[in-house]
Amino acid sequence: MNLAFLPFFCITLQSESKKQKKMIESFAIYVISMIVVISLLTMLGSKLKIAYPVLLVLFGLVVGLIPGLPKITLDPELILIIFLPPLLYESAMSVSVKEMRNWWRIILSYAFLLVLLTALSVALLAVWLIPGISLSTGFLLGGIVASTDAVSANVIMKYVKVPSRVSTIIETESMLNDASSLIVFSFALVAVATGSFDAGQASLLFLWMVLGGVGVGLLVTMALVKLMRWLRTDTKVSIVLSLIAPYIMYLIGEAIGASGVLAVVSGGMMLGYSNVKILDSETRIQGLNVWRNFAFLLNGFAFLLLGLDLPEVVSGIEQEGLSLVTVTLWGVALTALIIVVRFGTSLAIMVFSWLCGKLNGDLNRKFLFDLPTCCIVGWSGMRGVLALAAALSIPLVVEATGEPFPHRHLVLYLTFIIILITLLLQGSTLSALLKRVKFPEYNDHIPEDTARRLIQMELSQWSLEYIQRHPATTTEEQTLVDYLTEYWEDELSQKKKIMPTKEEDKKYFYKLCQKQRMLLYHINREHPEISEEIIRQFVRNVDLEEERLKNG
């Protein structure tokens with residue numbers, strides 16, 4: 001047997017191994033550099049009170065124009081899977097279901113009706129404006145840009161205090177319109193690829209995507225909760241399971257032909273609403289920090305990639321023989337249409353809610369959508385991560401024919417232009433608008449100080465009654481009972497004491513903490529006049545007190 005080729009073969013393998021190692025090192029340096037840039041620009045944005053997505057996009061644009069720098073190219077099919085599930089899940093966990101109930105009419109109007117109007121308007125204008133583009137391709141573009149991004153608006157609203165009804169509408173609408181816009185996008189994608197569209201079949205499929213998606217999210221969440229209880233997972237494992245949960249929900253939802261987005265949203269909302277009953281204090285405290293940092297990095301990468309990828313999209317436009325100036329003007333016209341449609345819908349919702357409020361005799365809590373709220377919600381229609389991910393997920397070729405996907409580069413470029421304009425125009429002016437708008441006294445909730453005092457008094461009174469109903473059984477427990485009795489009596493009289501940390505007292509106190517959290521859960525359900533954000537702060541205080549005792 002001739003083995004003379006073996007030295008050459010070994011040298012080749014060694015050479016390939018070195019190339020791979022160098023590529024991995026370069027990629028690692030690139031990713032670390034991006035994380036550093038994201039962190040620095042976020043700090044700069046905080047100092048300048050500018051939403052960090054705006055700075056990230058601008059920086060990405062500048063760096064993308066520098067020749068010779070390495071490019072990161074992701075598989076289009078992986079874009080939605082990598083970014084979308086965790087970002088939606090993190091947002092859904094923080095949504096107040098109680099607040100959402102008050103504004104469900106307006107939220108659903110924005111999340112579904114406005115998405116359909118936007119997609120239809122964009123499709124019709126695109127067909128009229130752009131030579132050779134089909135109606136299905138116009139709907140594809142409309143489905144991509146119909147969803148809004150709440151990240152930029154939320155960052156801006158951190159600097160200016162806004163009523164809870166405004167933030168609730170913007171945050172919840174953004175999550176739900178992600179699902180509805182992706183459904184439109186999916187239908188349009190099939191129509192472009194096949195050249196046909198069955199309205200009856202699409203209606204049934206839409207119903208299944210909504211019901212199936214919500215069902216998958218709820219079932220997966222319940223299954224994971226039972227698994228964690230059965231295996232008695234610790235904090236680290238519970239947090240890891242929560243990180244993979246949105247991916248499981250999304251993949252299962254998509255696998256059965258339902259909406260993976262709605263699966264993630266419904267699962268996240270279920271966990272956020274009932275985490276007091278599901279998770280322990282340590283998991284809630286540490287998990288909240290992990291999720292915030294994870295979502296922050298994913299958002300940062302997405303917005304930075306938006307700027308970095310633009311030069312490549314521009315080259316695609318030039319390869320199609322289109323004028324960059326002309327295509328840019330098309331993007332400006334479509335952006336103006338999107339803004340006008342959103343404002344027009346906001347005004348229509350305001351008039352309709354006023355009429356409903358007048359007919360029902362309730363012009364404040366559930367029906368009134370006043371002009372200041374209309375202006376802020378109407379101007380908060382920035383496009384961002386989802387539109388970017390959806391556009392990049394368009395396949396390179398039509399699977400049935402193997403031909404290049406029609407107008408892919410054009411749709412990508414128009415999406416980039418719409419995202420850029422809305423981020424730079426609306427994102428940079430929303431803060432100034434918030435400062436100028438004068439919101440009326442809505443009285444949705446009782447004053448924060450009053451609410452805190454009422455909750456504290458109810459907690460203290462209930463804790464004293466619990467101690468009386470569950471007398472101590474040992475000398476060590478009696479020591480804690482005596483202390484706690486004095487502690488909660490002092491709380492009722494607004495005095496403060498330091499909690500004991502003896503090891504033998506812990507078991508009794510842990511049980512009391514869990515009962516207090518359940519009481520807060522019921523207070524949240526039974527007192528709509530108390531903001532859920534305050535309830536969550538009290539739950540966190542109980543969690544921190546329990547953790548302090550564990551580590552004391």
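None of these values were measured; they are calculated from a predicted model. Worth knowing before you read on, the calculation uses all heavy atoms, side chains too, and leaves out hydrogens, waters and symmetry mates.
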Checklist outcome for this item: Which of Thr345, Ile349, Ile169 passes side chain to side chain contact (heavy atoms under 4.5 Å, CB included) with Val377? It is Ile169
Checklist entry - Tell me the salt bridge (charged side-chain N to carboxylate O under 4.0 Å, His left out) pairs involving residues 333-343, sequence neighbours left out? => result Glu173-Arg342
Item to check | Passing candidate, side chain to side chain contact (heavy atoms under 4.5 Å, CB included) with Phe185, options Val145, Leu141, Ile394 | outcome: Ile394
Checklist entry - Under the side chain to side chain donor-acceptor pair (under 3.5 Å) rule, what pairs show up with a residue in residues 121-145, not counting sequence neighbours? => result Ser134-Ser136, Ser134-Thr137
Item to check | Val265 and Tyr89, any side-chain heavy atoms less than 4.5 Å apart | outcome: no
Checklist entry - What is the minimum heavy-atom distance between Ser147 and Asp178, and which atoms define it? => result CB-OD1, 3.5 Å
Checklist outcome for this item: When every non-hydrogen atom of Phe294 is compared with those of Pro86, the smallest separation belongs to CE2-CB, 3.6 Å
Item to check | Nearest atoms (heavy-atom pairs only) where Phe405 meets Pro395 | outcome: CB-O, 3.2 Å
Checklist entry - Atom OG1 in Thr429, atom CG in Leu434: separation rounded to 0.5 Å? => result 9.5 Å
Checklist entry - Between Tyr110 and Thr172, is any side-chain donor less than 3.5 angstrom from a side-chain acceptor? => result no
Checklist entry - Hey, does the side chain of Ser180 reach the backbone of Phe112 with a donor-acceptor pair shorter than 3.5 angstrom? => result no
Next on the checklist: Assess, by modelled atom type and distance only, whether the side chains of Trp379 and Ser346 contain a donor and an acceptor separated by less than 3.5 Å.
Outcome noted: no
Item to check | Minimum heavy-atom distance between Leu224 and Ala245, given as atom pair plus value | outcome: CD1-CB, 3.4 Å
